[in-house]
Amino acid sequence: MGHKISNVEVFYVSTSDCAGVGDSTLRYDIAEMTVVEITTEDGLTGHGITIRDDMAALIEHRLKPILLGRDPMDTEDLWNEMLLNMRGSGRKGLCLVALSVVDIALWDLKGKILGQPLHKLFGGSKREIPTYASGGWTSYSLDELLAEMKSFVDLGYDTIKMKVGVDLGKNIKEDARRVKAVREMVGPNIDIILDANNVWDSGTAVRFAELIKDCDIAAFEEPAPADDIPGLARVRRALNIPLATGEHEYTKFGMRDLLLSGAVDIVQLDATKAGGYTEMRKVAGMTQAWNLLFAPHCFEIIHMHLLSAASNAYKLEKLFLFNGIMRRCLKNYPEPENGILTIPDLPGTGLIYDMDWIRANNELK
Ligand SMILES: [Mg+2]
């Protein structure tokens with residue numbers, strides 16, 4: 001064999017091309033990523049990417065000692081050992097983000113060892129995956145919002161996402177005006193997704209939805225806080241709009257709670273947070289058992305492999321906010337054409353990381 005893991009490295013990188021953009025509950029001044037590189041004794045490298053947060057010490061002190069000397073093919077065993085090692089400090093949140101980015105790097109290595117792209121290892125034959133265009137920030141003026149939504153349609157997307165919850169969620173009448181203006185501009189044949197990013201209580205979310213009930217909304221995302229699962233279930237029952245949630249949920253256990261509560265139609269758990277490919281393949285199976293749509297949050301370059309193999313795939317989320325940082329991190333950043341993302345025909349994740357740029361711009365240490 002000779003594929004034993006010999007090193008695990010963490011990098012933090014950022015670009016400053018999204019200053020001042022905001023949704024109902026967060027502002028973004030820089031685009032930031034964590035990149036992990038796992039190296040084997042015989043010189044192979046696998047990479048993972050996720051949001052940036054202070055996970056380097058977790059990876060260095062808790063996960064790396066488990067990984068050194070091990071076979072990267074053993075993803076199930078390694079996942080369980082890593083989770084149990086961190087059980088006292090967190091089975092959700094940052095610990096899971098750290099585990100996720102490591103797991104993605106292990107699967108990248110597994111694909112390279114076997115000489116197969118991950119979607120083939122998952123059993124998917126499709127390389128062309130539909131995507132939707134995501135932006136429409138609440139920090140935009142109405143004119144800026146309309147201009148961006150038009151630009152998405154002009155690029156060939158048939159599904160677009162905009163944020164709602166302007167003025168920190170205190171102005172639902174203005175939200176309704178913005179949604180109606182976008183619907184009027186794009187006409188009846190474009191699907192519109194609304195994302196409230198956790199801002200409302202369930203009652204306000206239902207009241208807002210009543211204001212836009214003639215707008216034919218394709219999905220209503222995180223109308224209430226991710227942890228208000230009963231509230232999300234209430235919104236779902238009250239409306240004839242599919243409810244999307246899951247980007248702030250972790251592992252198969254979090255998936256179970258959303259399912260048993262009847263709180264979701266479109267499942268958006270994110271492999272870069274919820275447990276990597278190892279856990280997300282199980283999550284995908286659970287969504288199939290409930291006959292729900294599977295539409296992982298953001299990171300389309302990671303999720304394309306999962307959607308290739310999912311019979312209940314909705315669409316990948318193309319978040320335009322990340323274009324700048326992704327174009328720097330990757331030498332072959334795959335970008336959709338007419339809303340279709342083509343999976344690179346390369347082993348593993350199929351992504352070629354620009355490690356020279358990442359090392360030169362590493363903000364860690
Ligand atoms: Mg969202």
Side-chain angles (χ1 to χ4, degrees), residues 18 21-28 31-33 50-53 92-93 96-97 100 131-140 145 148-149 152 157 159-166 168-169 175 178-179 182 191-202 204-205 208-209 212 217-229 231-232 235-236 239 241-250 254-255 258 263-274 280 283 287 292-303 306-307 313-323 325-326:
C18 61
V21 166
D23 60 35
S24 64
T25 47
L26 257 186
R27 275 188 98 74
Y28 302 88
E32 319 175 84
M33 292 290 154
T50 187
I51 52 168
R52 174 171 164 183
D53 213 324
K92 297 190 172 194
L96 256 292
V97 181
S100 296
T131 67
Y132 67 86
S134 186
W137 303 91
T138 55
S139 55
Y140 288 168
L145 171 67
E148 187 184 65
M149 294 295 114
F152 291 165
Y157 288 93
T159 305
I160 57 178
K161 179 151 99 186
M162 63 176 280
K163 305 293 191 181
V164 290
V166 295
L168 303 175
D175 281 313
R178 289 160 70 94
V179 174
V182 170
D191 277 358
I192 299 174
I193 300 169
L194 305 182
D195 187 356
N197 292 98
N198 297 257
V199 77
W200 289 314
D201 61 283
S202 57
T204 302
F208 162 71
I212 46 115
I217 298 306
F220 192 12
E221 178 173 331
E222 290 195 318
D227 287 317
D228 181 13
I229 294 177
L232 292 168
V235 175
R236 179 174 179 242
L239 303 179
I241 305 173
L243 194 137
T245 193
E247 71 178 75
H248 295 102
E249 199 47 82
Y250 300 85
M255 184 73 257
L258 284 176
V264 61
D265 294 293
I266 300 175
V267 174
Q268 297 178 306
L269 273 78
D270 178 338
T272 73
K273 293 188 211 174
M280 278 293 275
V283 163
T287 67
L292 301 174
L293 290 175
F294 184 49
H297 161 256
C298 197
F299 287 99
E300 76 287 357
I301 53 168
I302 298 299
H303 295 131
L306 291 163
L307 286 214
Y314 179 58
K315 293 171 182 174
L316 293 166
E317 178 175 15
K318 165 69 180 178
L319 188 68
F320 281 71
L321 190 70
F322 284 171
N323 273 353
I325 183 90
M326 288 301 186

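Owing to the predicted nature of the structure, the values given are computational and were not obtained by experimental measurement. For ligands, and for the atoms within them, numbers begin at 1 and follow the listed sequence.
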Does the distance from a Lys or Arg side-chain N to an Asp or Glu carboxylate O, for E249 and K273, drop under 4.0 Å?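 No, no charged N to carboxylate O under 4.0 Å.
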
Which atom name would you report as the N, O or S atom of [X] nearest the Mg ion (ligand 1)?
X: E247; answer: OE1
X: D195; answer: OD2
X: E221; answer: OE2

Heavy-atom donor-acceptor pair, D195 side chain to K163 backbone, under 3.5 Å: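 Judged by distance alone, no pair lies under 3.5 Å.
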
Spacing of CE belonging to M162 relative to CE belonging to M149, to within rounding of 0.5 Å: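 One finds 6.5 Å between CE of M162 and CE of M149.
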
Measure centre to centre between the rings of F152 and F320, then say whether the value is under 6.0 Å.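 Yes; F320 has its ring centre under 6.0 Å from that of F152.
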
